[in-house]
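Here is the naming used below: chain letters follow the sequence lines, and residue numbers restart at 1 for every chain.
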Amino acid sequence: MTMATVQTPPKISAQGVNVFYGDTHAVDNVSLDLYQDEVTALIGPSGCGKSTFLRCLNRMNDTIADCRVSGQILLDDEDIYASQIDVVQLRARVGMVFQKPNPFPKSIYDNVAYGPRIHGLADTREDLDEIVAVSLEKAGLWDEVKDRLDHLGTTLSGGQQQRLCIARAIAIDPEVILMDEPCSALDPIATAKVEALIEELKGGYAIILVTHSMQQAARISQKTAFFHLGQLIEFGDTTQIFTSPTSGRTRDYITGRLV
Amino acid sequence: MTSLPNLKKRWGRPQVQRRLRRRYIYERIFRMLGLAAIGVAGLALATLIVSVGKNAFGGFVQTSIDVDIYLNPEDLRPSSARYRHDFAERVESADMRKLLADALERQFPDIDTDSERRRALQLFSLQARRTLRDYITATPEKIGQTVRMRLLASDDVDQVVKGNIDPRVPESDRRVKDKELAWLAALRADGRISRQLSTTFFTGGDSREPEIAGIFGAIIGSVLTLLVTLLTAFPIGTLAAIYLEEFSPQNRLTAFIEVNINNLAAVPSIVFGLLGLSLFLSILELPRSSPLVGGLTLALMTLPTIIIASRASLRAVPQGLRTAAQGLGASPMQVVFHHVVPSAMPGILTGTIIGLSRGLGETAPLLMIGMVAFVVSTPNALTDAATVLPVQIFLWADSPERAFVEKTSAAILVLLGFLLAVNALAVWLRQRFEVHIPD
């Protein structure tokens, strides 16, 4: 599996990325390659910079006033921090699912249809219906909601809401999906469903998943990156990271001794 | 690490029990204070409603007198000096006072001097002659007959009938003299005095005569004025709030603007009147006393309220909603107008309506721009001279006639009704636009 991915160029290539919040150095010189059709897990203790790094990949950090980013992040060999890049278009290519399910206070249908609508991806009403249906189906939610598409998205259960958010993200057919601890607000059953969904989705997208759950990283990711104090300590195949980490800190963290 | 002192033993101490009892007592005292506060507020409200309502009832009804009038053809003949072919004009020039006075003389045979004739005529409102004239114009076939007509009494008679004039007061201190009281007693004994709901009060404009003064002109003035306020203050206020909250950089300038907006909300309303006076009347030379200028002046006053309320409700929109939309590639404007503003709408509307209802009850700034004028006609355009309900109340409260006390109360009741309606609208809009957003 490793051999197969090495020959294709990386989908996203981060080179020497530094992030500062005011005087705080949140991400310290991180270089990382992320591949299509793979799930990459970012793990590390709270405040280690993994979420901050994730948010650099679709420039969500731009909205934070005193946040500065340096270094290079290439999406298909194009620097996403270059001045000619349209952030709005970038975010359409790099979708995001957040820690807390955040459906719009609109109907289930409108939640999923929102992205295609604002980007003009659907030509007809039937077209849009199909995009919504397929997205919900891919997110494993169709059977649960097909009879109540006009209900408010916010009336669904937490796990359903998170899958709705995933459906909303994939409805605009992004190339990369960033997931920032998508299961941390969910119960174990909902978590299992979302995990199964991520596994199904990995073909066709590059998925980058920030998680606090070692088991989750081990179960569904192919690559794992371990962050500590803003630095990338170790990055490699998940099996290798979890069975024979090269860094002592990585070993300490995954065995629960480093906090 | 040191070990805890023996807390088990301390739990058993009597102080613990005493403390607990004291806490319960404080709790009870606090609840009673709360109830007392609500009681005082309720009492104040009840007093207002009772005192206004008691007087207001009289303001809605008006006294009339039934009188038998002989439509004397002699009196309706064209006078030689002003010969008119046209019947309507002939009636117009005829002396209605004479018809009425003759009728009164038949009613009260004790009238024999001119001054008594005049005093008897003063039992009736000026409106009575108009009613009589209109009747003759409409039914000329009745000329030569005696008809019983119900004519509007003067405000003084009205007050006597309503018991607001004490007959025990010495005659010289009374607007209604003994003679008139005797006439009224006779009319009453004859069953000729009656009280009706005054439609004029709801359909007429202002008048110097309390019995024919109405609030319709003021209501229309208020509606037009508030319309101007709404149409200017709402878009400007919400756009300012949206820009300040969602787009503007956070720097010293925006902080300065924010402080100033907050201060403006506390500026006395009369100052906005002065601003309106110098800006709209002196510089822009817009028509004085008009709903246009009144509305713009109230808009100045309402703007800070709307901006502050809108900003607060925009700020209360969970950040997750913005990031969700941004994450899908929505542009900043799409984020704001598709998601943030709709979610903040209930709060924005509530703030706007609070501002408007303050404007509805405002008098002081309107005095400064000349809306205090005595306006009889109902305004037809935004640039017509007009008055508004609170100013009308102010003017009537200032009038010497006893009957205006009732009119004032009645108008206050109508104003309170409008305020209630506006606030009910706010509640309805709030529920209509309310969406549940998980935060």
Side-chain angles (χ1 to χ4, degrees), chain A residues 54-55 57-66 86-107 110-121 152-158 161 164-174 177-180 185, chain B residues 241-258 310-350 429-439:
Chain A
L54 186 78
R55 294 163 67 89
L57 302 179
N58 67 345
R59 293 183 56 176
M60 282 300 271
N61 286 333
D62 288 14
T63 54
I64 299 165
D66 59 348
D86 179 359
V87 182
V88 167
Q89 290 303 314
L90 169 73
R91 292 192 190 133
R93 290 175 65 191
V94 183
M96 189 157 186
V97 177
F98 298 84
Q99 182 171 0
K100 237 178 174 181
N102 54 0
F104 299 130
K106 298 173 189 288
S107 71
D110 287 339
N111 261 280
V112 182
Y114 182 69
R117 270 189 187 134
I118 60 168
H119 296 295
L121 300 180
L152 280 179
T154 44
T155 56
L156 296 173
S157 73
Q161 286 188 18
L164 177 63
C165 291
I166 294 173
R168 185 177 66 185
I170 59 183
I172 53 173
D173 195 26
I177 302 177
L178 310 177
M179 295 189 173
D180 191 358
Chain B
I242 291 168
Y243 181 78
L244 285 172
E245 201 54 44
E246 303 288 331
F247 295 100
S248 75
Q250 296 298 312
N251 55 27
R252 272 155 185 268
L253 181 68
T254 46
F256 177 74
I257 290 174
E258 177 159 5
S310 303
R311 288 191 70 177
S313 82
L314 287 169
R315 212 171 304 149
V317 173
Q319 200 56 35
L321 196 61
R322 294 183 182 85
T323 50
Q326 283 161 354
L328 281 174
S331 68
M333 226 179 91
Q334 288 172 328
V335 173
V336 168
F337 286 101
H338 292 171
H339 302 286
V340 180
V341 170
S343 300
M345 218 28 154
I348 293 177
L349 288 176
T350 307
L429 282 174
R430 213 191 159 88
Q431 283 170 350
R432 171 89 178 59
F433 283 95
E434 196 113 86
V435 279
H436 175 71
I437 309 164
D439 40 23

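- Each of Gly327(B), Pro332(B), Pro249(B) has some count of heavy-atom pairs under 4.5 Å with chain A, and the biggest count is that of Gly327(B).
- Atom NZ of residue Lys106(A) and atom NE2 of residue His339(B) lie 5.5 Å apart, to the nearest 0.5 angstrom.
- For Val97(A), no part lies under 4.5 angstrom from a heavy atom of chain B.
- Between Tyr114(A) atom OH and Gln334(B) atom CD the span is 5.0 Å, to the nearest 0.5 Å.
- Taking every heavy atom of both residues into account, Pro103(A) and Leu321(B) meet most closely at O-CD1, 4.4 Å.
- Taken from CE in Met60(A) to CD in Gln326(B), the straight-line distance is 4.5 Å, to the nearest 0.5 Å.
- Take Ser157(A) and apply the side-chain hydrogen bond (donor to acceptor under 3.5 Å, both in side chains) test, not counting sequence neighbours, and it matches Gln160(A).
- When heavy atoms are compared at a cutoff of 4.5 Å, Ile118(A) approaches chain B by way of both its backbone and its side chain.
- Between Leu328(B) and Ile172(A), some side-chain heavy-atom pair lies under the 4.5 Å cut-off.
- Taking chain B as the reference chain and counting heavy-atom pairs below 4.5 Å, the highest number among His119(A), Arg93(A), Met96(A) is found for His119(A).
- Heavy atoms of Phe104(A) lying under 4.5 Å from chain B belong to its backbone as well as its side chain.
- Listed by chain and number, the residues in a side-chain hydrogen bond (donor to acceptor under 3.5 Å, both in side chains) with Ser313(B) amount to none (sequence neighbours excluded).
- Counting only heavy atoms from C-beta outward, the side chains of Ser331(B) and Val87(A) never approach each other to under 4.5 Å.
- Within a 6.0 Å radius of CZ in Phe247(B), more than 12 heavy atoms belonging to other residues, nucleotides or ligands are found.
- Looking at Asn102(A), its side chain does come within 3.5 Å of a backbone N or O of Gly320(B) through a donor-acceptor pair.
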